[in-house]
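Here is the structure we will look at, set down as structure tokens.
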Amino acid sequence: MKQLRRYVITMLLLLGAGALSAQDRALLDKLYSDMASSCVEMTYTYETEVSGVKAVGEGKLDVQGDMWTMVGNGIQMWCDGKTLWVADPSLKEVVIEPASGEDDGAILTNPASLFVRMGELFDLTRSLESSDGKSVVFFLSPKTSGKMSFCNVEVSTADASILSGVFAFDDGSDVHVKVSAMSLSSRREAEAFRPQVRFDSSWIVTDMR
């Protein structure tokens, strides 16, 4: 039933979507360019359902290419592109493992990180401007077969910032993300995306590298 509902909604949206205009494409190109040349700071909420289990959460994400930090739902995460640290400060537990862009656990804990990979993972197919002209929804399809089936992302026409997005997986699960704030800052050194806390003997450290 969920797959059918998602299919119907997607088809209705696509029927209302128009062919890509040069203006729409320029807006998405600006978003990609901004994310590639800056450190993106994003505050968001999300809702997802996996195997019938619904989860909601919120987070603050700073991301620069394949490096990022995230704070939300009592969890802190750091990724410098090579190593991923996932810490629960309340329990003083941390798991350290090799970074992987396809890691399902990281995606579900930090779904907004998918926004930065849109240009890498998806091709642009259609677009639909809002009735008030303040945003454009872009319909994206995966470049290669895999876990993702499609992505819809809403972008502000005022500053090319992300307002919301839906990521759909082939297993029938969806991730809905709403962005309450997005800003750009100067690029940072890799050290900024590594833990600033020392995991001493009071921490339970599981190192899987």
Side-chain angles (χ1 to χ4, degrees), residues 26-46 48 57-122 124 138 140 143 148 151 153-165 167 175 177-200 202-203 205-209:
L27 180 66
L28 190 63
D29 286 344
K30 174 171 170 50
L31 172 64
Y32 287 162
S33 176
D34 287 346
M35 290 192 297
S37 61
S38 308
C39 180
V40 181
E41 302 170 3
M42 191 180 300
T43 303
Y44 63 93
T45 59
Y46 70 89
T48 185
E58 59 185 10
K60 168 68 169 61
L61 172 71
D62 292 354
V63 60
Q64 177 180 296
D66 60 356
M67 301 186 293
W68 49 270
T69 65
M70 191 281 294
V71 178
N73 297 336
I75 299 296
Q76 292 182 260
M77 304 175 72
W78 303 264
C79 180
D80 65 358
K82 297 179 180 179
T83 303
L84 172 67
W85 295 262
V86 182
D88 185 331
S90 65
L91 298 177
K92 303 201 77 172
E93 295 183 2
V94 60
V95 176
I96 309 171
E97 56 188 86
S100 172
E102 298 299 322
D103 182 78
D104 292 339
I107 287 175
L108 294 177
T109 306
N110 181 21
S113 62
L114 286 167
F115 285 128
V116 184
R117 302 186 64 213
M118 288 188 303
E120 170 193 345
L121 297 174
F122 298 96
L124 178 58
F138 293 97
L140 310 175
K143 292 183 176 181
M148 305 290 292
C151 165
V153 60
E154 183 182 10
V155 179
S156 168
T157 55
D159 57 5
S161 63
I162 296 171
L163 300 176
S164 65
F167 299 91
V175 178
V177 185
K178 290 187 177 181
V179 178
S180 56
M182 175 178 166
S183 60
L184 307 174
S185 62
S186 301
R187 291 178 66 85
R188 307 170 187 175
E189 299 294 331
E191 185 63 30
F193 300 94
R194 297 170 184 148
Q196 305 302 306
V197 60
R198 180 171 172 264
F199 301 122
D200 57 25
S202 66
W203 283 75
V205 179
T206 302
D207 195 332
M208 303 173 64
R209 289 174 295 180

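We count residues from 1, following the sequence as given.
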With a 4.5 Å limit on heavy-atom distance, are the side chains of [X] and [Y] in contact?
| X | Y | value |
| --- | --- | --- |
| V95 | M208 | yes |
| V205 | I96 | yes |
| L31 | M182 | yes |
| V40 | Q64 | no |
| T43 | V179 | no |
| V153 | L140 | yes |
| K82 | P98 | no |

### Query
Would the F115 and F167 ring centres measure less than 6.0 Å apart?
yes

What one should report as the nearest heavy-atom pair of L27 and S156 is CD1-O, 3.6 Å

Heavy-atom closest pair (M118 atom, C151 atom, distance to 0.1 Å) is SD-SG, 4.1 Å

So ring-ring contact (aromatic ring centres under 6.0 Å, His included) across residues 71-93, not counting sequence neighbours, yields none

| said: Would you say S164 and E154 are linked by a side-chain donor-acceptor pair, where the criterion is simply a distance under 3.5 Å? | reply: yes

| said: Donor-acceptor pair, distance only, cut-off 3.5 Å: does the side chain of N73 make one with the backbone of I75? | reply: no

With sequence neighbours left out, the residues meeting ring pair (Phe, Tyr, Trp, His ring centres under 6.0 Å) with F199 are W203

Applied to residues 60-74, the salt bridge (charged side-chain N to carboxylate O under 4.0 Å, His left out) test, sequence neighbours excluded, yields K60-D62, D62-R188

Let me confirm one number: the [atom1]-[atom2] distance from [X] to [Y], rounded to the nearest 0.5 Å.
| X | Y | atom1 | atom2 | value |
| --- | --- | --- | --- | --- |
| L163 | K178 | CG | NZ | 11.0 Å |
| L84 | W68 | CG | CH2 | 5.0 Å |
| L61 | E41 | CG | CD | 9.5 Å |
| M70 | C79 | CE | SG | 12.0 Å |
| F138 | L28 | CZ | CG | 5.0 Å |

Not counting sequence neighbours, which residues clear salt bridge (charged side-chain N to carboxylate O under 4.0 Å, His left out) with [X]? List them please.
| X | result |
| --- | --- |
| D34 | K30 |
| E191 | R194 |
| E93 | none |

Electrostatic pair R209-D207, nearest N-O below 4.0 angstrom: yes

